[in-house]
Amino acid sequence: MVGERAHDSLSGHAGRLSPEGRERSWERLGSEHFDVVVIGGGVVGTGAALDAATRGLKVALVEARDFAAGTSSRSSKLFHGGLRYLEQFEFGLVREALRERELMLTRLAPHLVKPVSFLYPLTHRIWERPYTASGLLLYDTMGGARSVPGQRHLTKSGALRLVPGLRHDALVGGVRYYDALADDARHTLTVARTAAHYGAVVQASTQVVGFLREADRISGVRVRDVESAAEQDVTCDVVINCTGVWTDEMQRLAGTRGRFRVRASKGVHIVVPRDRIAAESGLILRTEKSVLFVIPWRSHWIIGTTDTDWTYDLAHPAATRADIDYILDHINAVLATPLTHDDIEGVYAGLRPLLAGESDESSKLSREHAVARPAPGMVAIAGGKYTTYRVMAADAIDAAAEDLRSRTAPSITDRVPLLGADGYYALVNQVDRLGAQYGLHPHRVRHLLDRYGSMVHEVLGLAVERPELLEPVPGAPDYLKVEIAYGVSDEGALHLDDMLTRRTRISIEYPHRGLDCAEPVARLMAETLGWDEKRVAQEIDVYSERVTAERNSQTKEDDQAADEVRSAASEPRPLVAEPVS
């Protein structure tokens, strides 16, 4: 651990996930005994690793694919209390989520989590405004000190000035309120890097293929490096299963009976250009099942979500034509200028790991989380929502304390800023100077600050001797080439898919979905990862196959047909086997 931290210090990059560091971490996994091994590199798993490390525990995290490769890169990208949960009387969940939103905005990740405005259109006279106002009053006050403005009531004309793109007959008034927005994949990656900074061994492309036992006790895991096929045992006091929708499969692999079942609910979002909807604010609309969000996302709108059971490939949930039509039908019911399929730049589908309950409707299942100890030496956690990941992680480590040999300190992650948070506000005030220093437009610097925070100097430092890295990525001008280089050197990207889908969001932000920049990005990655021409071509082919499969699946009318098309595409990590973490 000391050696790893010393390396970070010498390199000047905190929590660095480098190719050479990955080799050292693999060696450590097989040669050291850990207090905790966390399975799963989503937001709960990385959060659990950070929680354990900052309590002084020796922790390793393993992820079969990439950080945030599952649900944690495919959410609605909101840190929010969940207005609809108030109607379900889940006041504790909403209060907890709003407290977490406040922590993220003010202390833990102000560079990544930003306030965002929503208009709630009112469609009924007399009763709906006081009903909505009372709910939003609770929403505004339950989370403690406020870092976002409170609700503001608008007349019909005031609401239409805020969102001119609405049909005049779609509302009788409106209420404006605020929540928070984040790039989920970047946030999860930053949690992982922060855990590494505090001493955790954090390893992607490392699949759990078996469990070690001593008598009736889980004593570790058998892992496979899916890049090289090498395998080894990792010993520990306790294993924590943070695998989301794979929770049940991982419990079966461990030979333990789960104390709860997890149900996968598919949520689909579409991405359209910002100029397709005339609005100065996001929207939240009621549907017959749940709510539909129209979320401002840089120069785009993200619109979603659906909420349906998914019983097919957990790694690659597929959006259908019916899913997309559902979203278009509901948003077009209120827009003056309807959206068409041709307006859609990107589509993504994710799976919510809901705790199975008595209700047959996934939209009515609780978003509360549950922690269980299915066997000595093993803890499982599932359910919850992205916003409450830090609380879930703390609960998991609390439950693991029973299997640890020494006394466990209390959780302190509510006071541990994520990497890039410290110094962020000062740099925001120095945008013009930073732009002059690096020869970049201040708008570009602000974009980088909102992705990397105070680590922006690490990113731009790679271009000091290579100024060509400050050029935009061909085909994706919102990003600089230096971000690609940094994604490989410091952020653990091992495949083209990692870079275009999660280190950047090119795969959903451009109509070409990454195809137009696949070759230049792959060649940039090759410089650090040592790929030859054959490997560059292979990475491009696999990514292109994925995009084609996703596009084709989105023309199918049902889940089974869409799954058959999507799951037939090649894997960037072909050695990954099911069940996966």
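These numbers come from a predicted model, not from an experiment.
Across every non-hydrogen atom of T387 and R101, the tightest pair is CG2-N, 4.4 Å. Contact record, A192 with F67: CB-CD2, 4.2 Å, taken as the closest heavy-atom pair. T243 and N241 make their closest contact through OG1-OD1, 2.5 Å (heavy atoms, listed as atom of the first residue, atom of the second, distance). Looking at every heavy atom in both residues, E519 comes nearest to I540 through CA-CD1, 3.6 Å. Summarising the geometry of G42 relative to E63, their closest heavy-atom pair is N-OE1, 4.4 Å, with the distance given to 0.1 Å. The minimum heavy-atom distance between C242 and G45, with the atom names listed, is CB-CA, 3.7 Å.
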* Output, in order, the C-alpha distance, side-chain angles, deciding distance and verdict of salt bridge (Lys or Arg N to Asp or Glu O under 4.0 Å) for R298 and D183. => CA-CA 11 Å; R298 300 172 191 152; D183 182 332; 3.4 Å; yes
* With side-chain contact (heavy atoms from CB on, under 4.5 Å) as the test, would you mind laying out the steps for V294 and V163 before giving the verdict? => CA-CA 11 Å; V294 180; V163 185; over 6 Å; no
* Please walk me through it: do R466 and E468 pass salt bridge (Lys or Arg N to Asp or Glu O under 4.0 Å)? -> CA-CA 5 Å; R466 297 186 60 193; E468 72 275 9; 3.0 Å; yes
* To do: Go through the steps for Q554 and R566 under the test side-chain contact (heavy atoms from CB on, under 4.5 Å), then give the verdict.
  => CA-CA 9 Å; Q554 290 156 18; R566 175 63 185 91; over 6 Å; no
* To do: Could you walk me through whether R451 and E483 pass salt bridge (Lys or Arg N to Asp or Glu O under 4.0 Å), step by step?
  => CA-CA 10 Å; R451 283 171 52 75; E483 297 182 76; 2.7 Å; yes
* **Intermediate values then yes/no, salt bridge (Lys or Arg N to Asp or Glu O under 4.0 Å), D184 and R505** => CA-CA 10 Å; D184 48 6; R505 309 317 295 265; 3.0 Å; yes
* Would I277 and L335 count as a side-chain contact (heavy atoms from CB on, under 4.5 Å) if you check the C-alpha gap in whole Å, the side-chain angles of each, and the deciding distance to 0.1 Å? -> CA-CA 8 Å; I277 301 175; L335 291 182; 4.1 Å; yes
* Report the C-alpha separation of L448 and L480 in whole Å, then their side-chain angles, then the decisive distance to 0.1 Å, and conclude whether the side-chain contact (heavy atoms from CB on, under 4.5 Å) test is met. => CA-CA 9 Å; L448 293 171; L480 297 178; 4.2 Å; yes
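Using a 4.0 Å cut-off between a side-chain N of Lys or Arg and a carboxylate O of Asp or Glu, D450 and K114 qualify as a salt bridge. Using a 4.0 Å cut-off between charged nitrogen and carboxylate oxygen, E527 and R523 do not count as a salt-bridge pair. A salt bridge does not link D342 with R276: every distance from a Lys NZ or Arg NE/NH1/NH2 to an Asp or Glu carboxylate oxygen is 4.0 Å or more. With respect to the salt-bridge test (charged N to carboxylate O, under 4.0 angstrom), the residues R186 and E491 qualify.
For residues 263-294, the ring-ring contact (aromatic ring centres under 6.0 Å, His included) pairs, not counting sequence neighbours, are H80-F293, F118-F293, H269-Y348.
Contact of the T46 side chain with the V38 side chain is not registered, since no non-hydrogen atoms from C-beta on lie closer than 4.5 Å. Under the 4.5 Å side-chain criterion, counting only non-hydrogen atoms from C-beta, K77 is not in contact with H187.
P338 pairs by the side chain to side chain contact (heavy atoms under 4.5 Å, CB included) definition with N332, not counting sequence neighbours.
Ring orientation note: the planes of H13 and Y486 are tilted relative to one another, at an angle of 30° to 60°. Taking the six-membered ring where the residue is Trp, H457 and Y438 present tilted rings, their angle falling between 30° and 60°. Relative ring orientation between Y312 and W310 is described as perpendicular, the plane-to-plane angle rising above 60° on a 0-90° scale split at 30° and 60°.
With D225 as the fixed residue, the side-chain hydrogen bond (donor to acceptor under 3.5 Å, both in side chains) test singles out one of R22, Q203, Q207: R22.
When only modelled atom types and interatomic distance are considered, E571 and H495 share no side-chain donor-acceptor pair under 3.5 Å. Side chain to side chain, S147 and E102 meet the donor-acceptor criterion of an N or O pair below 3.5 Å.
Within a 6.0 Å radius of CD in E471, more than 12 heavy atoms belonging to other residues, nucleotides or ligands are found.
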